[in-house]
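Since we're looking at a predicted model, the values are computed, not measured.
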Amino acid sequence: MSAEVKAKQTEMARKQLSRESAQALNKIEKDFPDNPKAMDYFYDLYRRIHCEGEVPHPGKKVIGTTCVQVPEELIYAAGAVPVRLCNGSHTYDQLGAEFMPAKSCSLVKATLGMLSSGLASWLDEGRDIVNVTTCDQKTKSGRLMEEAGYRVHHLELPPSKESEAARTYWQSNVNGFARELGSLTGHKITRNSLRDSIARVARAQQAFRRLHRLRMAPLAPILGKDVFLVTNAYFFDDIDAWTDAVEALNDEVEKRCEEGFAAAQRRAPRILFTGSPPIFPNLKLPTLIEQSGAVIVADETCSANRMLYDAVNVDEWQLYDMVDAVADRALKPCTCPIFISDEDRKRRLLELARTFAVDGVVYQAFSGCQVFEMEQRSISRFLADEGIPSLYVETDYSPDDVGQLSTRIEAFIESLKARRRRK
């Protein structure tokens, strides 16, 4: 392919991406009344980065990450900035489909499509990516990234987390990565730099957990579509600016709770969202749920709750004791379906359902996302045994199924309303 043809394709993809992002943002921002004023920070952030193409973190060493299991505290401690590459764009999904199998997961296709598009210029200088060997598609995508000219650092995640051998194996991988980061960035990780980075991430986690607790209110003070936008912003925003913005949002949401403000109808069914992660601009399912009269009050996904809920627990503040603690935080609380056992995930879903008084669960699985597809039957049976209605939705990044999804979601929500009336 000539350079001229490649340049034209890149420019066309840029315009398509900008239109797709603007349409999604307009739906989230303008199709719903009574958005919190503090959400303006996030709406503007997405407009600048996703719609206008502003480069995140100019002048800083950026390291791409492909999973929530990447220990970001180590990257900050080495003087770099982690940016999560997981992507929700149908434009990038179509680019990835040109060289990926047809039945591949949309998230993986979109991520590889972005990296092959020439539009990830903010990553091109160092071309460093940390890829965790979670599902088979993520594992093999690391090789495709290398073929595209990126320097990929593979973190090998064990298939189980229950045994001490698995924990030791993971800690060994993370310790090796910590040593490698020093030569990669030119900034050796020290006891003080890691302690400071743990504190920075912990401050962000505390802000998220406060927002998480505020959503327990009997009258939902904020819609789920906004919370997903907030947590997705953590992928690429400056961590300190993000934390400040979330704290400002928390103050406003807390005031709403005190005043008895309801972001949705007072008797709107309360939904727990789980499964494949909603990632901007593909927030079509959360948006459809709330357009249909329900409200998402909690989630169990790696683009929100699982990304920020659990904190590092440090017993000894020596360097490699802290590295081990960071490794443990990425492994032990994780409820990803890539592990052999799903018992932790079941316990977490039940805890969230009870704590947030949910009426039903919506389980999203991207077509080709084998781990979520395979675990759906077990999870749905478990929820049914606990008396919790659930809806399983298999979808992808295409907008073509919106009409069909809307019909199914509306029927599910009406069934939840009827169930509540019978009670």
Side-chain angles (χ1 to χ4, degrees), residues 64-71 84-89 92-116 128-163 165-167 169-170 172-174 176-177 274-279 282 300-303 306-307 327 330-332 334-346 363-380 392-398:
T65 69
T66 64
C67 183
V68 70
Q69 257 90 21
V70 175
R84 189 165 161 192
L85 304 178
C86 298
N87 198 280
S89 167
Y92 285 143
D93 182 12
Q94 291 176 305
L95 291 176
E98 294 178 3
F99 55 88
M100 291 285 287
K103 294 182 180 179
S104 301
C105 169
S106 287
L107 188 153
V108 176
K109 281 192 291 186
T111 302
L112 292 172
M114 178 187 69
L115 293 175
S116 69
D128 288 295
I129 297 173
V130 187
N131 187 49
V132 182
T133 59
T134 50
C135 68
D136 289 343
Q137 293 187 56
K138 282 280 187 76
T139 300
K140 295 302 292 184
S141 69
R143 180 58 183 157
L144 295 178
M145 294 172 191
E146 290 176 335
E147 291 177 357
Y150 290 93
R151 183 165 50 181
V152 181
H153 310 267
H154 302 276
L155 277 178
E156 299 177 25
L157 195 71
S160 174
K161 60 176 186 169
E162 278 72 28
S163 70
R167 180 191 180 206
Y169 179 76
W170 173 244
S172 175
N173 270 275
V174 173
F177 175 59
T274 189
S276 300
I279 297 176
N282 180 46
E300 189 272 328
T301 70
C302 62
S303 62
R306 283 208 292 110
M307 182 171 65
L331 178 70
K332 293 169 72 175
C334 181
T335 56
C336 182
I338 49 93
F339 295 114
I340 295 170
S341 172
D342 62 0
E343 292 306 309
D344 275 359
R345 186 172 179 221
K346 289 176 179 176
Y363 189 124
Q364 171 176 263
F366 296 144
S367 301
C369 182
Q370 296 161 337
V371 287
F372 277 112
E373 289 176 328
M374 292 182 68
E375 197 163 279
Q376 175 270 143
R377 186 178 180 185
S378 171
I379 296 296
S380 296
Y392 174 62
V393 177
E394 184 178 332
T395 183
D396 55 24
Y397 286 0
S398 169

Exercise. Are any of the side-chain heavy atoms of V108 and F366 separated by less than 4.5 Å?
Worked result: no
Exercise. Excluding sequence neighbours, so at least two apart, what forms side chain to side chain donor-acceptor pair (under 3.5 Å) with S89?
Worked result: E20
Exercise. Taking side chain as C-beta onward, heavy atoms only, is T301 less than 4.5 Å from R306?
Worked result: no
For this session: Establish, from distance only, whether the side-chain atoms of T335 and D344 form a donor-acceptor pair under 3.5 Å.
Result: no
Problem set entry | Distance flag, aromatic centroids of Y92 and Y397, threshold under 6.0 Å | no
For this session: For the residue pair E343 and S341, confirm or rule out a side-chain donor-acceptor distance under 3.5 Å.
Result: no
Exercise. Going by heavy atoms in the side chains, are Q370 and K103 under 4.5 Å from each other?
Worked result: no
Seminar exercise, completed: Contacts of R84 meeting side chain to side chain donor-acceptor pair (under 3.5 Å) (sequence neighbours excluded), chain-then-number -> none
For this session: Answer yes or no: is there a side-chain heavy-atom contact under 4.5 Å between T66 and V130?
Result: no
Problem set entry | Pair H153-N131, side-chain donor/acceptor within less than 3.5 Å | no
Exercise. Is there a side-chain contact between V152 and R143, using heavy atoms and a 4.5 Å cut-off?
Worked result: no
Exercise. Should P277 and L107 count as side-chain neighbours, where that means a heavy-atom distance under 4.5 Å?
Worked result: yes
Exercise. Among L155, N173, V68, which residue meets the side-chain contact (heavy atoms from CB on, under 4.5 Å) test with V132?
Worked result: L155
Problem set entry | 4.5 Å side-chain heavy-atom contact, C86 and K138 | yes
